[in-house]
Every structure is written in structure tokens, then in C-alpha cells.
Amino acid sequence: MSGNGKNYDSIMKILLIGDSGVGKSCLLVRFVEDKFSPSFITTIGIDFKIKTVDINGKKVKLQLWDTAGQERFRTITTAYYRGAMGIILVYDVTDERTFTNIKQWFKTVNDHANDDAQLLLVGNKSDMDTRLVTYEQGEALAKELGLPFVESSAKDDQNVNEIFFTLARLIQDKIDSNKLSDAKNTNDGNVNIKSSSSSMSKANCC
Amino acid sequence: MGSTSDSYSSSQETLATLESNTIYDFIPSYINLGFQKELKLKIIRDTTNPVVLEILGSEKFGFIENKVRSKCWHCLLSRQLRLENSRNNDVLIDHPDENQINLDVKRSFSFVENTKHRDFLKDLLSRIIIGIFRKHPKLRYYQGYHDIVSLFILVWHSNEEVDLSLSTMILSAVDAQFDTVFECVEIFTLVYLRDFMMNSLDFPIDQLKLISHLIKEKDPDLYHSMKLDKISPFFAISSILTFFSHDLKPTNENSIIWEIFDLIISKNSSFIPILIFTNFILMQKQKLIDQINLNTENFDNETDLIHASIQQILLTSISNENFFFKIMTITRLNYNRDVKLLSKVLFDSRIINCGSPLLTTAKGNNKTLFDTKDIDNLIDKQIKINGTRKNIRQTNTRFNIVLYHVINNKHLLVKLSILVGLLAIISKFSNRNLIWETYHKTKKVWLDPLHCLLHNPTSYLYSNNN
């Protein structure tokens, strides 16, 4: 397959999770197709999209997996956590319940995702006047869970690209530093037990 | 390939002669589609016999237009379940899923351009879904149910001019029509959708496995290329849960989705969505294999690879409605044979719960007319089975999570290995002590006469002499 000339340097699997109606699909459609519709359709199960972006001068193919928010779909959606290099946890700043449920989502991630997956917390719908969760609350939760944090609006196209680019850069940095430590350890003649998952090493070789 | 795929290709050959097998075979094939439809419509309008309606609805074009379809669906559905009392949603208490229902209603009918009409339809959708769940509080709402109900609403309300004038008319006229739509949705829900309305997705996931089983029977090569022995066919979940109404939108009267529902209702068969999905895969075999080969290097695991490949093919197929018309033709043509095959799979695999619509529908001429009590008993039985299943699954999941973390955490794995090693050594020592102790405590002569003799020769001889 290597002979057919790839048009990218690496691949990253990214997952969007969070309660129903927080705007996961809207963020994704805004990012991939630059569109927005207030009555965007519900995701049932799992949807898949691709977008190639430029990160640190490298062409990175983002595999974006959108998930259904309703609790019963978790049996299915968690099957797709495996190998995810980035996971975006989304809540709605106008709905407190979606914010409190982030801790539950965080636990689900810890239970099912690779340990080295890079997470990112997103408070969506920041354009709305009916906000109930402040920026500071979001920031505090992100600090508590040890995650980077962004507020966004898919409707006004605020910070949407930043979400995906920030995440992709963080992942790329991780890959680069792992590569570096791998190389160092190989020179030392040691085996690096902490080296990344299969997905990471796969991305390295692409 | 084998004989199964031969029979499959032979079915494609028979496609051309399909029309000759239908009830309106007197219509010469050179007559254009529009005129064929017109003739069929006349026959449907003149038909009073529900059995004839069932045959007409199962065939090419289905019931053709919504004005006729609404009457046919009402007629056929009321022969499948006799409801005791009609709508009584005004006095009942809130259902726990109403918040989720509202979220999904808000996002419905996005393809309807006229905002006033869209709001009218959304209002109707909300009233019907909430009414159904308040009347049947044991059932749980799932995302995707709203797509099915939206489709029913459009059968009665696809004409925006009529609807907008209707909304300002006398309420009793609006109410009469509301009751009919409600009744049809209620029957359809109770007869066909019970598996999906438990408090987990275990039963629909079981249904998905039938797709894998069918592909294995019909095309073992494809079954292996799609790694269906290793992965769950989650890629089909939205098509199965919504009977394709999520993917194939009813944008106009000629949309293929109407024919799919015409076929389900006319055949009284929950097998149809599974058969359509399987036929879609079989008919796109080569494209799918090419796509999988193209994608192989790009995905982390097989679940991702197969899901992404199928979704890419499905998306291009959706835009080509002619392709879906072909799938429908194959599905109709092979229906009896496939149902036999599926029934055998159901019997052999025993993966379907005993109250499933897959077992209570698709009886051909031996169809039963259920009443509310029968359905209630079935639902209770299903809830019980689902509860047990859910508990087992949750225990398994917890175990799998621990296992997953142990395998993925190399530090923990090393520590655990050392611990297991230590335990083995300790147990070896403790066992040795135990044996030693037992050996010393039970100084039975018959165990080791020599030992006894060496340690205490006199007593040994003495005891032997006695």
C-alpha cells in the first residue's frame, strides 16, 4: 500500500463525547464543512468524518468520530474509544446538567480509552444569552480534571477551529516527545515501557 | 463463493422478469413508470379487501402516494393490533424520557423548508411521542424513535398548504386526524419496535448480529473480508433502530423510505430492515472490499476500519435512490427464502429474546391479531429478560475494564506478574509446610513403615507383635 503515495504525514483518531444536545455534531460540521444549522439532526450511534489539516508543517489526517449522547448508546460508543488519540468532552454552557455530567464522561474515558489519549474540555454555545455555566466554572473543572479548556460557539464560528487544532497540536507534541524519548532509550539500550500505544506508533510510521 | 452466491446472482437475473410475477402483470412493460403508477393507484383505490392491499403494498411502488397510503396503513395496522382505548394522554403523569424527547423534537424535520410548517410538524411530533410514552410508561424512549414517528406524521401531513389552513380550522377536525395518526404510531410501536424500547440497547444489538449471520450464510468470503467473526456490526445500528428513516429522508412523495415502510406494514414483518441492510452489503460487495483494502492501513482497529468503510459506501448509495430501488426489488424477490433462512438462524443461534417482534411478526398467512393484553404480557416478559441481561453485561463490562487496564498498563502488568510469582512461591512453601505437618501429625505406620521403624524400632516391633 505504501507505493500508492499518501497525501498525509500522519493520522489522528479523535472522538467527540458529551450529553445529548450539547452541539457535538454542530462543532464537527462547522469544522469539516463550515456550515451551521440550528435544527441539525440527531446522531444515532456513531458517525465518522475526515478532515486533513496542517500541523507544524505536517499534513495530518484527522479521523473524527461523532457519538450519540443518550446514555443507552454508551454500550456502542465506548467500543470506539479504543485507539483514540484525542477525546473532546463537550458540554452546553446554557445547561448545567450537561456540565455536571462531564465528570461522568471523564470516568467513562478513563474506563475505556487509552491511558495516553489527549483530552480537551469544551463549553459550547458561548454565544447564547441564557448561559448558566460561567467561563470560570468551566476553567475550574478543567483544572480539577487536568484538562485544557476552550469555550466555543458552533453558531458564530467562535473557537471551533481552535478546538481541533489545539488538540491536534497537543497530540503531535506527545508523538514527537515520545519519538524523542524512544530514540534516547534505544541509544541507551533500554526498553521504554512507557512508550505509546499501537495507534501512536502507527502514526509515527506514517 | 459457493452455491449461495450463485443463487444470489441468479436472483439478479430474475430481476428483469420480476414484473411478470406481480398482481398487476397485465400492465405491459413498455408502459412508462408514471402510467404504471397511475394504474396501480386506481387498483389500490378500488380495493376494499385488506388481503389484496397487503399484496399491493408489498410490491413495486408500494402504496404510491401519501393520500392513499394513510388509509392503507390505518387499515392494515388495525388488523395487526386491536387497541382497547384510544388516546388518553391528557391525564397521565410525565415520562422520565421527556427531556430527551424534547431535545430530539427540536432537531426534527430539518429538511422541511417552510418554517411555519416545520413548527406545526414539530408540535405534532412532540404531542404524539409524549402521548405514546405517557400511555405506555413501561416503554423507554430511544434516539431514532423520533425519526420513525416523523415519517408517520408526514404521511398525513406532507401538504403544507393544507396543514397551515388546517391549523386555523376547527379543532375537532384536527383532533380526528390526530387520533388516526396517534393510533397508527401506537400500533406500529407496539408491534414492531418493542425490542428497541427497553432500558438498554441489548436487544437491538442482538438483532444486528443477524446481519452477520445472514452474510455468513450467503457469502462466507465477504463475511471474512468484513471481519464479522471478530466485530459487532454496530455500523448498522442507526439503520436498524430507525428502519432506515434516519438515513433515507422522506423529502418527497417518491422517496424510497415510503416503500420500505409499505413493505414492513404489508408483510407485517420486522425482518425487512435486517434483510435490506444485508442486501445492501451483498450488492456493494466489491466496492466494500475495495474500500476496506484502501483503508486498511489508516485505521487503529477492525471496528473502526469496517465502520468507516461501510459509512463511506452508504453515503454514496443514499444519494443514488435508484440503487435503493434495486435493493428493494431484491429484498421482495428473495423475501420468502430469506425469512426461512433467518428463522433457521434464529432457531440455531437463539440470540433473540422470546418476546421479540422478530418472533411475533413475519408469520405470512398465519398472522395473529394481537390485543393490548397480549402486547402487555410480551413487554413484561421482555423487560424481565432485558433486566437480567443488563446485569450480566454490566458485571462483564466491569471485569473487562479491569482486564483492559491491566493489559494496557505495563507497570501494573509487571507488578501483577511479580505478585503472582510471589504468591506462587509462598503457596509452594506453605504447601510444603502443610505436607510436612500432615506427614508428622499422622504418624500412621501404614503410611511409611520404614520411617516409623527407623525412628522408634521398639514400638514398631511391639505393635507388630501384638
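If you're wondering where the values come from, they're calculated on a predicted model, not measured in any experiment. So that the names make sense, note that chain A is the first sequence line, chain B the second, and so on, each numbered from 1.
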**Item:** Which atoms of B:Y145 approach chain A - backbone, side chain, both or neither, heavy atom under 4.5 Å
**Value:** neither
**Message:** With a 4.5 angstrom heavy-atom cut-off, is it the side chain or the backbone of A:T43 that approaches chain B, or both, or neither?
**Reply:** backbone
**Message:** Let's go through B:F299 and B:H307 carefully: what are the C-alpha distance in whole Å and the side-chain angles of both, what is the deciding distance for ring-ring contact (aromatic ring centres under 6.0 Å, His included) to 0.1 Å, and is it a yes or a no?
**Reply:** CA-CA 10 Å; B:F299 287 88; B:H307 185 118; 9.7 Å; no
**Portion of B:Q100 that has a non-hydrogen atom of chain A nearer than 4.5 angstrom** = side chain
**Message:** Only heavy atoms, only distances under 4.5 angstrom. Which residues in residues 60-74 of chain A are near chain B?
**Reply:** A:K61, A:Q63, A:W65, A:A68, A:G69, A:Q70, A:R72, A:F73
**Request:** Just jot down the side-chain hydrogen bond (donor to acceptor under 3.5 Å, both in side chains) partners of B:E113, sequence neighbours excluded, or say none.
**Result:** none
**Request:** I would like to know whether B:R107 and A:S20 meet side chain to side chain donor-acceptor pair (under 3.5 Å); could you show each step before the answer?
**Result:** CA-CA 11 Å; B:R107 295 180 275 183; A:S20 182; 3.2 Å; yes
**Request:** Examine whether an atom of A:D47 lies under 4.5 Å from a heavy atom of chain B, and if so say whether it belongs to the side chain, the backbone or both; otherwise answer neither.
**Result:** both
**Side-chain donor/acceptor of A:S126 to backbone N/O of A:S152, under 3.5 Å** = yes
**Message:** My understanding is that only residues two or more places apart in sequence, or in another chain, count here; which of them pass salt bridge (Lys or Arg N to Asp or Glu O under 4.0 Å) with B:E302?
**Reply:** B:K230
**Message:** Tell me whether the rings of A:Y80 and B:F234 are parallel (<30°), tilted (30 to 60°) or perpendicular (>60°).
**Reply:** tilted
**Prompt:** Can A:K107 and A:D111 be counted as an ion pair, charged N to O under 4.0 angstrom?
**Reply:** yes
**Prompt:** Using a cut-off of under 4.5 Å for heavy-atom pairs, which of B:H146, B:Q312, B:H246 has the most such pairs with chain A?
**Reply:** B:H246
**Message:** Taking atom NZ as the centre, does B:K138 end up with more than 12 heavy-atom neighbours from other residues, nucleotides or ligands that are less than 6.0 angstrom away?
**Reply:** yes
**Under 4.5 Å from any heavy atom of chain A - which part of B:S232** = neither
**Request:** Assess A:K51 against A:F31: is NZ or CZ under 6.0 Å from the centre of the six-membered ring, and within 45 degrees of the ring's axis?
**Result:** yes
**Asked** For the residue pair B:F261 and B:F243, does the interplanar ring angle fall in the parallel (under 30°), tilted (30 to 60°) or perpendicular (over 60°) class?
**Response** tilted
**Message:** Using the rule given for salt bridge (Lys or Arg N to Asp or Glu O under 4.0 Å), can you reason through A:E151 versus A:R131, listing the C-alpha separation, both sets of side-chain angles and the distance that settles it, and then say yes or no?
**Reply:** CA-CA 12 Å; A:E151 265 198 0; A:R131 172 198 283 273; 2.7 Å; yes
**Item:** Within-4.5 Å side-chain heavy-atom neighbours: B:N102 and B:S126
**Value:** yes
**Message:** B:D304 vs A:K13, test: salt bridge (Lys or Arg N to Asp or Glu O under 4.0 Å). Steps then yes/no.
**Reply:** CA-CA 10 Å; B:D304 291 5; A:K13 176 179 176 182; 2.6 Å; yes
**Message:** Quick check on B:D97 against chain A: is it the side chain, the backbone, both or neither that has a heavy atom closer than 4.5 Å?
**Reply:** neither
**Asked** What part of B:F111 is in contact with chain A, defined as an atom under 4.5 angstrom from a non-hydrogen atom: side chain, backbone, both or neither?
**Response** neither
**Prompt:** So which bits of residues 200-208 of chain B come within less than 4.5 Å of chain A, counting non-hydrogen atoms only?
**Reply:** B:S200, B:L201, B:I205
